Amino acid sequence: MHFQLTEDQRALRDGTRELLAGRFGRDRLRAAVGDPALDRALWRELGAAGFFALRLPEEAGGVGLGLPEAVLVHEEAGRALLPGPLVACQLLAGAVDGVAAGEKIVGLCEGEREPVLWEHPADCDELILVVGGAGRAGREAGGEAGGARGRTGGAYRSAPDRVACAPFASVDPLTPLAQVTDLPRTDPLSLDVPRLRREATLLTAAQQLGSAARTVEMAVRHAREREQFGAPVGSFQAIKHLCAQMLVRAEMARSAVYAAAVTESALDVTVAKLLADEAAVTNARDCLQVHGGMGFTWEVDVHLHLKRAWLRAACWEVAREAEELLAAGLIA
């Protein structure tokens, strides 16, 4: 079997990259660091481009594509460090009115995570809390939570003004956070929670993959341009090794993420998230090392990739959970 992108998939990837480069370039990225409020005009433009309705059937106003295509657009979003609850809006486009068109922004929280964190609370029009449906039990036959889907976990929707939350410092200046302290579970939403968790994990891994690939490009470009002792620093063996290792990590993660998008296997998704998290975090660190002293400065974008990678690594199957699931799968 050949896991190669089709011509249409390459066109989708390239078109998404072009859209984001035009609407969320470096100037807009740096402006968002100081003012992380989401750009509603950009959000509606993403909706008009089919970003959120990508997987909805055409008869429902969607594009009618699948999970592999969703992975491609989220990879590009991760590459551009596009902020916002992109994963939540794509997964809930068919469940919450207005999300598919970009008219509404919806947040998604994991109820079992401690603390329960809500991204961009000031920008969201609704918040969806998911409980249960996690881990091996959730993948096989459902968790212990009740809610809208019984044994397979539950999902509950709430207006922002009904959610009690407390301030929470975010490591990523582009992603404001709040800690949810109480959310009324009186409005259940019928969702396949284990599948939602699995796909949220994979799309988050795709964002990590995009960031990992971007930091490879940044490191290589700097290594070619920066000179020391009359030669590009990229000609030094230590820098060559760092860049080569970064590329290997990114390509290993790409293979795992793309394969999981095709198989949709729970264990394949777990492997993809584990490898993508490692690639995003370690590549950002190595990119900083390639940049040397200037890599530590606020003006260079490397720290933004590292901080986003840290944030995403703590979402939807963190490393210790993924390792336990993989071990359980091996001995099952």
Side-chain angles (χ1 to χ4, degrees), residues 24 28-43 77-78 80-92 96 98-99 102 104-132 134 145 154-187 189 196-197 200-201 203-204 207-208 211 277 280-281 284 296-299 301-321:
F24 196 76
R28 183 65 189 90
L29 170 68
R30 299 303 302 204
V33 172
D35 180 14
L38 296 180
D39 182 348
R40 289 280 181 160
L42 172 59
W43 212 261
L81 285 180
L82 183 66
L86 301 163
V87 170
C89 286
Q90 184 164 115
L91 294 179
L92 297 167
V96 179
V99 172
K104 271 190 176 183
I105 298 176
V106 63
L108 187 63
C109 290
E110 300 177 82
E112 289 88 0
R113 188 73 61 197
E114 184 58 42
V116 179
L117 297 180
W118 178 11
E119 296 183 10
H120 294 272
D123 295 298
C124 289
D125 300 298
E126 284 197 37
L127 178 63
I128 308 299
L129 179 76
V130 294
V131 292
Y156 304 89
R157 65 193 300 176
S158 180
D161 58 2
R162 299 180 61 197
V163 181
C165 55
F168 194 90
S170 175
V171 68
D172 178 9
L174 293 161
T175 309
L177 296 174
Q179 179 179 353
V180 176
T181 57
D182 183 53
L183 186 149
R185 302 184 183 185
T186 56
D187 191 2
L189 189 63
L196 183 145
R197 284 183 174 276
T201 300
L203 296 182
T204 302
Q207 291 181 322
Q208 293 282 64
S211 179
D277 284 345
V281 173
F296 290 87
T297 63
W298 184 261
E299 289 76 18
D301 294 340
V302 182
H303 71 97
L304 298 176
H305 281 275
L306 180 57
K307 292 168 182 176
R308 180 67 61 84
W310 279 334
L311 183 71
R312 293 286 173 250
C315 301
W316 306 108
E317 285 188 13
V318 299
R320 63 180 181 276
E321 296 170 353

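Please read these numbers as outputs of a predicted model, since none were measured by experiment.
Nearest approach of Cys124 to Gly107, heavy atoms of both residues: SG-N, 3.7 Å. What you find for Gln208 and Ala313 is that their closest heavy atoms are NE2-N, 3.5 Å. The shortest non-hydrogen separation linking Pro176 to Pro121 is O-CD, 3.7 Å. Shown here for Ala77 and Leu86, the closest heavy-atom pair between the two residues is CB-CD1, 3.7 Å. The two residues Phe24 and Leu81 come nearest to each other via the heavy atoms CE2-O, 3.7 Å. Among all heavy-atom pairs drawn from Gly84 and His120, the shortest one is N-NE2, 3.3 Å.
With Leu174 as the fixed residue, the side chain to side chain contact (heavy atoms under 4.5 Å, CB included) test singles out one of Leu38, Val33, Leu311, Leu82: Val33.
For the side-chain contact (heavy atoms from CB on, under 4.5 Å) test, residues two or more places apart in sequence or in another chain that qualify with Cys315 are Glu119, Arg312.
Atom CZ in Arg197 sits 5.0 Å away from atom CD in Glu112 (nearest 0.5 Å). Annotation: the span from Arg40 atom CZ to Asp123 atom CG amounts to 6.5 Å, rounded to 0.5 Å.
Proximity of Ser158 to Asp187: side-chain heavy atoms (C-beta onward) are nowhere separated by under 4.5 Å. Leu189 has its side chain within reach of Ile128: a pair of non-hydrogen atoms, C-beta onward, lies under 4.5 Å apart. In this structure, Trp43 and Val99 have side chains that are not in contact, with every pair of non-hydrogen atoms separated by 4.5 Å or more. When side chains are defined from C-beta on, Val96 does not count as touching Asp125, because their heavy atoms never get closer than 4.5 Å. Side-chain contact between Leu203 and Trp316 is absent, with no heavy-atom pair separated by less than 4.5 Å. Counting heavy atoms from C-beta outward, Pro173 and Leu304 have side chains that approach closer than 4.5 Å. Inter-residue side-chain proximity for Val131 and Arg185 is flagged as met; some heavy-atom pair is nearer than 4.5 Å. Considering only heavy atoms from C-beta on, Asp39 comes within 4.5 Å of Arg28 through its side chain.
Under the 3.5 Å distance criterion, the side-chain polar atoms of His305 are left unmatched by any main-chain donor or acceptor of Ala280.
Ion pairing between a basic and an acidic side chain is recognised when a charged N comes within 4.0 Å of a carboxylate O; Asp301 and Arg30 show such pairing.
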Could you give me the CA-CA distance, side-chain angles and deciding distance for Val318 and Arg113, then say whether side-chain contact (heavy atoms from CB on, under 4.5 Å) is met?
CA-CA 10 Å; Val318 299; Arg113 188 73 61 197; 4.0 Å; yes

For Leu129 and Val116: C-alpha separation, side-chain torsions, deciding distance, then whether side-chain contact (heavy atoms from CB on, under 4.5 Å) applies.
CA-CA 9 Å; Leu129 179 76; Val116 179; 4.2 Å; yes

Could you walk me through whether Arg162 and Leu127 pass the side-chain contact (heavy atoms from CB on, under 4.5 Å) check?
CA-CA 10 Å; Arg162 299 180 61 197; Leu127 178 63; over 6 Å; no

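Note on residues 165-181: pairs passing side chain to side chain donor-acceptor pair (under 3.5 Å), not counting sequence neighbours, are Asp172-Thr175, Asp172-Arg308.
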